[in-house]
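Here is the naming used below: chain letters follow the sequence lines, and residue numbers restart at 1 for every chain. Since the model is a prediction, treat every value here as computed from it, not as a measurement.
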Amino acid sequence: MSEPQHIVDQQTGTPTGAARQVPDKVSLDGVEDRWDTAWTAQGLYAFDRSKERAQVYSIDTPPPTVSGSLHVGHVFSYTHTDVVARYRRMQGAEVFYPMGWDDNGLPTERRVQNYYGVRCDPSLPYDADFTPPFEGTDGKTIKAADQVPISRRNFVELCERLTVEDERQFEALWRRLGLSVDWSMTYQTISAEARAVAQQAFLRNLARGEAYQAEAPGLWDVTFQTAVAQAELEARDYPGAYHRVAFHGAGDATVFIETTRPELLPACVALIAHPDDERYQHLFGTTVTSPLFGVELPVLAHPAAEQDKGAGIAMCCTFGDLTDVQWWRELQLPTRSVVGRDGRLLRDTPEWLSGAGAELYAEQLAGKTTFSAREAVVAGLRASGDLDGEPVSTQRKANFYEKGDKPLEIVTSRQWYIRNGGRDEELRAALLARGAELGFHPEFMAVRYENWVGGLNGDWLISRQRFFGVPFPVWYALDEHGEPDHANPLVPTEDQLPVDPSSDVPAGYTADQRGVPGGFVGDPDIMDTWATSSLTPQIAGGWRSDPDLFARVFPMDLRPQGQDIIRTWLFSTVVRSHLEHGSLPWSDAAISGWILDPDRKKMSKSKGNVVTPMGLLEEHGSDAVRYWAASARLGTDAAFEVGQMKIGRRLAIKVLNASKFALSFGDVQLDPTLVTVALDRAMLAGLADVVDRATAALEGYDHTRALELSETFFWTFCDDYLELVKDRAYGEGAGADSARAALGLALDTLLRLFAPVLPFATEEVWSWWREGSVHRAPWPLAEPLRAAAGDADPSAVAAAGAALAALRKVKSEAKVSMRTPILAVTLAVPAALRANVEQALDDVRAAGRAEGTLELVESDGESVVARDAELGEPVARG
RNA sequence: GGGCGAUUGGCUCAGUGGUAGAGCGCCUCGUUCACACCGAGGAGGUCACUGGUUCGAACCCAGUAUCGCCCACCA
């Protein structure tokens, strides 16, 4: 098998040029590196920015967190996206497929701290000659006290230095996997461009009144010491205990409440019961006195109090939970906070305490953790007799920051918000309408969006009290007392962005006025990571710096992402786009499922069942891993299954071998008019159906169905059709020409059908006999195949295959080789199949080595059965 | 408590009104000239359960159970 193939492409009428060659021995070894190099050299996936919006298919790729590691789930979902990208490219679209790296946020902040032994202190000036004290500490954590404080700009520089290596490794993995990304278009979420985009979008939100600051009680993480948004909450089980505590009313009256947080007793502002609750009617409007602290408190009615919860009457503290906030707000209760931002009780004794209560606070509670304070208060209550019975332990749900490990406290602070419909029915309705407008794949994922938007209980909190990230681009004028004027922030112009208010100076001020009365002060906070990530279409598409590009790619076509971040990434991106552009950011969202380990648990790094993606690709081959990923539908959780990868590998190898075989019979003319034999036409008719159905499936974001259709056809093509026609194809004359042309047309079509899922194997085969890349070849059309097939019945291949299978079965049951000739046999054929079997009888005879008498009789069975077979001796190879 | 998905052969999954499907695994066979990273043949399921609609239900409706997830639930 070393004859060069001479091939004429009937679509262009030109010979395909260079005498290409089918190798003697085919293999998948090394295809990934070879083709990645070739594709890069050819600029095969380079985005052509001369194309208009209508010709472009743009993808808002999720930027992976570079300080984490990529795992199997990433490989899974990014493959789904790549299949779409490759399909659209073959459909003629100019695919805009950039890759971003998320290096903004806590994971990177922590990694830089530990790796270089530094921490960010925005109050420090930039040091151009700074050298970090460490360079890589083998994962050992450097204690905060030993970390060198550096400016934000120095910190960002270290981040960029550290993430370069991560990004190189990520890109290597994606290249190996065969993602058809344009690698000249990568972005970083902490880059100057991304910071400028985030600040510009914010300033526009501010100018339109969509961003605002408010001082209000909010959820607070005491470990990270930052405010936390609703979207970052996680309800977890948390052990607690009910304490039954006595409050004292007029005379001997005693009211018992139950609480899991007795340490908040000094922060109590009222007792509250349901207005209909018979038990407490007589107390409404009266006052009681708190135990230990002796504070006089009103007993109030509010419908949010639940009669069957605890004692039915609650102590309202500022603040124990969000219900407290509601009561505080709606009943206009005083603020008596005792828990500080560090999670400890305030050092100073609260002014509303006096006498024994103040003493108790100063001696036992001040500066204590909530845990120690609780012990002290319980001990006090026990001593004073105000604890009724012993605490009863319970499992309660508490809100946690998703990255934190202590329950959130509620702390009053000044924060920035962006309106997201959480407080505004009109905006909420508009955003729900945007969700309805968006094409979710699968559709049921839309419910997640609706549930989330419908359940919002406040605007989007975007400020964080961290140091590394995109700073708010605002300053505040200081009055003569040095008090900042928060109501009238000083803002930069858009062309000044990005700014860092901790080192840059607002217009009309000089640097020496920073922090002095009559001068100015920079906003100390940074934006939530989602405030930047919600702008990935604007960052990747050049909204700020390249309006020409932006006009060609936005609104985008596709947002691929995980189901877990619908409430964060997807929703926040919709909010920003709705506010800034008055449109959806993309028309469709493809939601991938989870990868489950064999125990049906979500696969996670922490479980120690890490399989490195690169290891998988090296072991099974990229096409095989892609096959596994593509075998799972969008939105459906998939098992991590090595078996499926082996099947994928087998398929890729089969593509190589079957192609080699199909090209081995002599010259291939891709000329539909040569296809004259009924069986060949029937095969092409079946393939035309596959093309139609696979195309429809891909249009509906169902890559799994498309793959399954192509794969099923392909195996029948190999097992039956190739066997049936090979003798004829080896020969000469019209029958041989017909077989060869049909084989060529089928192979040409099948390679293109498989190209999105198996980019390496198909490109390998394509290079043997066709010009250019299969990945820039047009997606196959059914029409030319159907024209070649005429009115052939596609089921004729199956009928002939059934006849062949019947002959094989005779040999299999006789336990002889398939090469054994059949001297005489009777084929009982169901009437419905008879015409098709007769038509292909010569091919059946040849493939089944039925060299002697072959009698066809009609049967009323359902399948073809071979009877009365006489077998000869196996023929030795000649 | 509200919601979304799932439940089909040992495993992983297709199948949305017309007599149960695929691959893997299993059994048997075959050194076949494209392929042993192979090929051929075969066994294996009352489609979670209970009702209902229908000439007919894996599929439609109602309900139950189990599993997964989202949201709510901090007195």
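In this structure, CD of A/E234 is placed 17 Å from P of B/C74, rounded to the nearest angstrom. When rounded to the nearest whole Å, the span between NZ of A/K397 and P of B/G2 equals 16 Å. Counting to the nearest Å, the C1' atom of B/C71 and the CZ atom of A/F571 are 14 Å from each other. Following rounding to the nearest Å, A/K646 (NZ) and B/C11 (P) show an atom-to-atom distance of 19 Å. Between the P atom of B/G21 and the CG atom of A/L709 lies a distance of 18 Å, rounded to the nearest Å. Spacing between atom CD of A/E708 and atom P of B/A22 amounts to 12 Å, rounded to whole angstrom units. What separates CG of A/L722 from P of B/A34 is a distance of 10 Å, to the nearest Å. In this structure, A/L233 atom CG and B/C73 atom C1' are separated by 13 Å, rounded to whole Å.
When the P atom is used for both B/C61 and B/U66, the distance is 22 Å, rounded to whole Å. For B/U8 and B/C13, the C1' atoms lie 9 Å apart once the distance is rounded to whole Å. Taking atom C1' on both nucleotides, B/C60 is separated from B/A43 by 34 Å, rounded to a whole Å. For the P atoms, the distance from B/G25 to B/A40 is 14 Å, rounded to whole Å. Across B/G18 and B/U31, the matching C1' atoms stand 47 Å from one another, rounded to whole Å. B/G21 and B/G15: their P atoms are spaced 15 Å apart (whole Å). Using atom C1' as the reference point in both B/C47 and B/C59, the two lie 10 Å apart (nearest Å). Here, B/A58 and B/A14 have their C1' atoms 12 Å apart, quoted to the whole Å.
Between A/R649 and A/D623 there is no salt bridge, since no side-chain N of the basic residue sits under 4.0 Å from a carboxylate O of the acidic one. Ion pairing between A/R329 and A/D324 fails under the 4.0 Å rule for side-chain N and carboxylate O. For A/R567 and A/E232, the salt-bridge test fails: no basic side-chain N is under 4.0 Å from an acidic carboxylate O. Using a cutoff of 4.0 Å between basic side-chain nitrogens and carboxylate oxygens, A/D237 and A/K397 are scored as salt-bridged.
Contact annotation for A/Y449: no contact, since no heavy-atom pair falls under 4.0 Å across all strands. Residue A/E306 is classed as a base contact, given a heavy-atom separation below 4.0 Å to a base. Contact annotation for A/R244: no contact, since no heavy-atom pair falls under 4.0 Å across all strands. Note on A/W715: only backbone sugar-phosphate atoms sit closer than 4.0 angstrom, heavy atoms only; bases stay farther off. Contacts of A/Q644 with the nucleic acid, taken as non-hydrogen atoms under 4.0 Å apart, are absent. If you check every strand for non-hydrogen atoms under 4.0 Å, A/R649 touches a base. Nucleic acid contact for A/K809: sugar-phosphate only, since backbone atoms but no base atoms lie under 4.0 Å from a heavy atom of the residue. Among the heavy atoms of the strands lying under 4.0 Å from A/D719 are primed sugar atoms or P, OP1, OP2 only; no base atom is included. When heavy atoms are screened at a 4.0 angstrom cut-off, A/E813 is found touching no nucleic acid atom at all. In this structure, A/A446 reaches neither bases nor backbone, as no heavy-atom distance under 4.0 Å exists between it and the strands shown. No engagement by A/C316 is indicated, since no non-hydrogen atom pair under 4.0 Å with the nucleic acid exists. At a threshold of 4.0 angstrom between heavy atoms, the contacts of A/A814 with the nucleic acid are absent. Within the nucleic acid shown, A/Y242 comes within 4.0 Å of sugar-phosphate atoms alone, with no base atom in reach, counting heavy atoms only. Contacts of A/R261 with the nucleic acid, taken as non-hydrogen atoms under 4.0 Å apart, are absent.
When all heavy atoms of A/W769 and A/L751 are compared, the pair lying nearest together is NE1-CD1, 3.8 Å. Of all the heavy atoms in A/V288 and A/G249, the pair that sits closest is CG1-CA, 3.9 Å.
Between A/T704 and B/A14, a side-chain N or O to OP1/OP2 separation shorter than 4.0 Å is absent. Phosphate contact (OP1/OP2 of B/G15, side-chain N/O of A/R705, threshold under 4.0 Å): present. Under 4.0 angstrom from either OP1 or OP2 of B/C24 there lies no side-chain N or O belonging to A/Y627. A close approach under 4.0 Å does not occur between any side-chain nitrogen or oxygen of A/R236 and OP1 or OP2 of B/C74.
The listed nucleotides are B/A14, B/U32, B/G39; the one nearest the side chain of A/M818 is B/U32. Nearest nucleotide to the side chain of A/R448, out of B/A34, B/A40, B/C70: B/C70. With B/A34, B/C37, B/A72 as the choices, the nucleotide that has an atom nearest any side-chain atom of A/I653 turns out to be B/C37. In the set B/A34, B/C4, B/U32, the nucleotide with an atom closest to the side chain of A/V447 is B/C4. With B/U12, B/A34, B/C74 as the choices, the nucleotide that has an atom nearest any side-chain atom of A/K309 turns out to be B/C74. Of all nucleotides listed (B/A72, B/G3, B/C38), B/C38 comes nearest to the side chain of A/R650. Closest contact between the side chain of A/S812 and the listed nucleotides B/C37, B/G41, B/C74 involves B/G41. Relative to the side chain of A/N399, the nucleotides B/C74, B/C73, B/U12 differ in distance, and B/C74 lies closest. Taking only side-chain atoms of A/T323, from C-beta outward, the nucleotide of B/A14, B/C74, B/C38 with the closest atom is B/C74. Comparing B/G41, B/C35, B/G30 against the side chain of A/K654 picks out B/C35 as the nearest.
Residue A/Y401 holds its OH atom at 10.5 Å from CG of A/L233, rounded to the nearest 0.5 Å.
Defined by atom type and a distance below 3.5 Å, a donor-acceptor pair is present between the side-chain atoms of A/S592 and A/H80. Side-chain N/O atoms of A/H274 and A/E306 include no donor and acceptor closer than 3.5 Å.
In the interface, the side chain of A/E723 is paired with the base of B/A34 through a donor and an acceptor atom under 3.5 Å apart.
The ring of A/F754 has its center closer than 6.0 angstrom to the ring center of A/F714. A centroid separation of less than 6.0 Å is found between the aromatic rings of A/Y238 and A/F400.
Map A/R808 and A/T260 each onto its nearest nucleotide of RNA chain B; the residue landing nearer the 5' end is A/R808. Where A/A231 and A/L322 meet RNA chain B, the nucleotide closest to each residue was compared, and A/A231 sits on the side nearer the 5' end.
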Output the pairing pattern of RNA chain B as a dot-bracket string, 5' first, Watson-Crick or G-U wobble with both distances under 3.5 Å, | for cross-strand pairs, [ ] for crossing pairs. ((((((((.[[[[.)..(..]]]].(((((.......))))).....[[[[[..)....]]]]])))))))....
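Between A/W628 and A/F640, the ring planes are perpendicular. Angles over 60° get that label, and only those under 30° would be called parallel.
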